[in-house]
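Heads up: the structure comes next, in structure tokens.
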Amino acid sequence: RQDLNFGQVVADILCEFLEVAIHLILYVREVYPSGIFQKRKKYNVPVQMSCHPELNQYIQDTLHCMKPLIEKNDAEKVVVVIMDKEHRPVERFVFEISQPTLLSIRCVHVDVCFCFCCCSSDSLLSHVEQLLRAFILKISVCDAVLNNNPPGCSFSVLVHTREAATRSMEKVQVIKDFPWIVADEQEVHMKEPRLIPLKTMTSDIVKVRKLLAAER
Amino acid sequence: TGSATHILKPLMSPPTRDEILCTLLDL
């Protein structure tokens with residue numbers, strides 16, 4: 001248990017959460033036909049997840065490449081962008097991610113070990129599960145506060161990272177044959193977006209600071 | 001300095017709605 005790598009644990013939890021969140025956003029915002037989604041249970045709530053192999057593989061590859069950045073605390077934001085037929089962003093779901101500082105990582109690491117060794121790991125995991133569930137529930141109902149998107153939309157996942165971290169992304173490219181490029185300005189910025197704060201969450205081991213939806 | 005923010009995205013695009021509809025029809 002002392003060998004437990006805190007960064008990896010956080011990255012695992014966040015990537016699993018982002019996977020569920022991306023599937024749910026694509027379902028709720030009707031980017032794909034509802035027929036490819038199946039009801040599953042995650043974080044003890046029903047969610048809709050795609051059962052289309054090609055789409056699932058794409059989402060998995062995206063998260064696989066992102067994981068090393070999250071592990072090293074190099075991913076500042078993960079943004080799910082919904083684009084219209086002309087590839088202009090019409091909606092963005094912004095996940096601002098921050099991990100505790102190195103010092104607090106160490107402290108929390110001890111806490112985690114303490115929880116695992118002396119208490120029940122169930123209480124810690126159930127706390128994180130509760131927080132992530134709240135995010136998922138917010139996404140499930142976000143269409144109530146968002147306008148309908150035009151037909152024929154697509155999506156993209158953007159990662160805001162520090163310049164120096166781009167090298168590790170290049171490393172992953174070689175392994176996964178899933179190259180990443182710098183996003184075009186027009187894919188990133190929206191003119192006068194309407195910002196809708198959906199949820200903020202903090203816990204000792206995972207921090208997803210803010211979930212924002214922005215629409216044109 | 002290495003501190004500037006880069007915004008990265010996968011080079012490949014996800015399958016489009018139409019592509020997915022076609023595969024559903026094939027099935």
Side-chain angles (χ1 to χ4, degrees), chain A residues 22 26 30-33 35-36 50-59 61-66 69 74-81 83 85 87 151-167 169-170 172-173 176-185 187-189, chain B:
Chain A
I22 292 170
L26 297 179
E30 298 178 3
V31 177
Y32 291 105
I36 67 160
S50 150
C51 51
H52 193 280
E54 205 182 324
L55 177 60
N56 293 3
Q57 190 61 52
Y58 182 86
I59 295 170
D61 286 347
T62 303
L63 291 169
H64 182 91
C65 294
M66 229 184 258
L69 294 178
D74 282 333
E76 295 167 355
K77 288 180 198 171
V78 175
V79 185
V80 180
V81 189
M83 294 168 298
K85 276 181 180 168
H87 299 286
C153 281
S154 58
F155 82 101
S156 182
V157 180
L158 308 179
V159 186
H160 291 234
T161 182
R162 277 179 282 281
E163 190 180 351
T166 310
R167 270 185 236 121
M169 213 61 174
E170 287 165 355
V172 175
Q173 280 180 207
K176 279 293 291 179
D177 195 22
F178 192 80
W180 287 63
I181 54 170
V182 175
D184 295 335
E185 193 75 2
E187 291 170 288
V188 175
H189 295 293
Chain B
T1 61
S3 60
T5 300
H6 270 186
I7 304 177
L8 304 173
K9 66 163 200 169
L11 174 63
M12 283 184 285
S13 300
T16 65
R17 186 186 175 93
D18 286 346
E19 283 164 355
I20 282 193
L21 278 172
C22 286
T23 59
L24 288 180
L25 289 174
D26 287 344
L27 292 174

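Source: prediction; values computed, not measured. Below, chain A is the first sequence line, B the second, and so on; all start at residue 1.
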Review point. Per the side-chain contact (heavy atoms from CB on, under 4.5 Å) rule, which among A/Leu69, A/Val78, A/Val79 passes with A/His160?
Key: A/Val79
Point to revise | Side chain, backbone, both or neither of A/Ser156 within contact of chain B (heavy atoms, under 4.5 Å) | key: side chain
Point to revise | Results of side chain to side chain contact (heavy atoms under 4.5 Å, CB included) for B/Ser13 - residues two or more places apart only | key: none
Exercise for review: Sort A/His52 into side chain, backbone, both or neither according to what part of it lies under 4.5 angstrom from a heavy atom of chain B.
Suggested key: side chain
Practice item. Sort A/Val182 into side chain, backbone, both or neither according to what part of it lies under 4.5 angstrom from a heavy atom of chain B. Key: both
**Study point:** All side-chain hydrogen bond (donor to acceptor under 3.5 Å, both in side chains) counterparts of A/Lys77, not counting sequence neighbours
**Key:** none
Review point. Regarding A/Thr161 and A/Asp74, is there a side-chain donor-to-acceptor distance under 3.5 Å anywhere?
Key: no
Study note, to complete from the structure: The interface call for A/Ile36 against chain B, heavy-atom contacts under 4.5 Å, is side chain
